[in-house]
Amino acid sequence: MKERIISFSWQHLLLIVSLSIMTCGVALCIRPNFGSSVIATIPFIIALAEEASIVSLFTIVEYTHIMNFLFIGLQILILHQRFPRIQLFQFIIGFVFGFLLDVNMWPTSIIVCNKSYTFWNQQFIMISFFQCQRFK
C-alpha cells in the first residue's frame, strides 16, 4: 500500500513538472512572437485577432480552457457509451495546463519584441535553414 502511494505521488509530481516545462516553452514561444506550439495555436491566433481589433474578450489561457472543453465535449459526442469515464480527468489536466500557462506568461512578460528584432530573427532562421540544407 505504501509503495502505491509513493508511486502515485511520483507520477503526479512528474506530471506537474512536465506540464510546467511545456507551458514555459509555450510562453517563451509566444512572447517574442516566434509563433506558438501546436497545443496553443488556435487560442493564440484568436487572441492575436482580438488584440488587432483592440477588443479582447478573453486571454490566451481562457481560450485554451474553452478549446479543451470543446475537444472533450466532441470526444463524448463521438464516442457516446464507449467514452471511458477516466478520460474526464482531461478537464482537470486542461485546467492545470491553462493555470500553469498563465503562471509562466507572467515572468515572460518582460520579453518585448519589436518589429526589427523579429526581422533579424527571421533572417537568422533563414540563414540557418539554408546552411543545414547545404550539408545534406
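Distance CD/Gln75 to CG/Leu77: 10.5 Å, rounded to 0.5 Å. From Ile60, atom CD1 reaches atom NE2 of His65 across 11.5 Å, with rounding to the nearest 0.5 Å. Rounding to the nearest 0.5 Å gives a distance of 11.0 Å between OG of Ser20 and CG of Leu101. Residue Asn68 holds its CG atom at 4.0 Å from CD1 of Ile72, rounded to the nearest 0.5 Å.
Ring orientation note: the planes of Phe58 and Tyr63 are nearly perpendicular, at an angle over 60° on the 30°/60° scale.
Of all heavy-atom pairs between Gly98 and Val61, the closest is O-CG1, 3.1 Å.
Note: the hydrophobic cluster containing Leu70 does not contain Ile76 (ILVMFWY, side chain heavy atoms under 4.5 Å, direct or indirect links).
In this view, Phe91 and Phe69 satisfy the ring pair (Phe, Tyr, Trp, His ring centres under 6.0 Å) rule, not counting sequence neighbours. Among residues two or more places apart in sequence or in another chain, the side chain to side chain donor-acceptor pair (under 3.5 Å) test is passed with Asn104 by Thr23. By the side chain to side chain contact (heavy atoms under 4.5 Å, CB included) test, Leu19 pairs with Leu15, Met22, Ile93, Val96, Phe97, Leu100, sequence neighbours left out. By the side chain to side chain donor-acceptor pair (under 3.5 Å) test, Thr64 is found to be paired with no residue, residues two or more places apart in sequence or in another chain being considered. Phe99 meets the ring pair (Phe, Tyr, Trp, His ring centres under 6.0 Å) test with no other residue; sequence neighbours excluded. By the ring pair (Phe, Tyr, Trp, His ring centres under 6.0 Å) test, His12 pairs with Phe8, sequence neighbours left out.
Ser7 places no side-chain N or O within 3.5 Å of a backbone atom of Glu3 that could act as its donor or acceptor partner.
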- Task: Could you check Asp102 against Trp106 for side-chain contact (heavy atoms from CB on, under 4.5 Å), going step by step and ending with a plain yes or no?
- Result: CA-CA 7 Å; Asp102 215 10; Trp106 177 72; over 6 Å; no

Residues 82-89, side-chain donor-acceptor partners within the protein, below 3.5 Å, at least two apart:
| residue | atom | partner | partner atom | Å |
| --- | --- | --- | --- | --- |
| Gln87 | OE1 | Gln90 | NE2 | 3.0 |

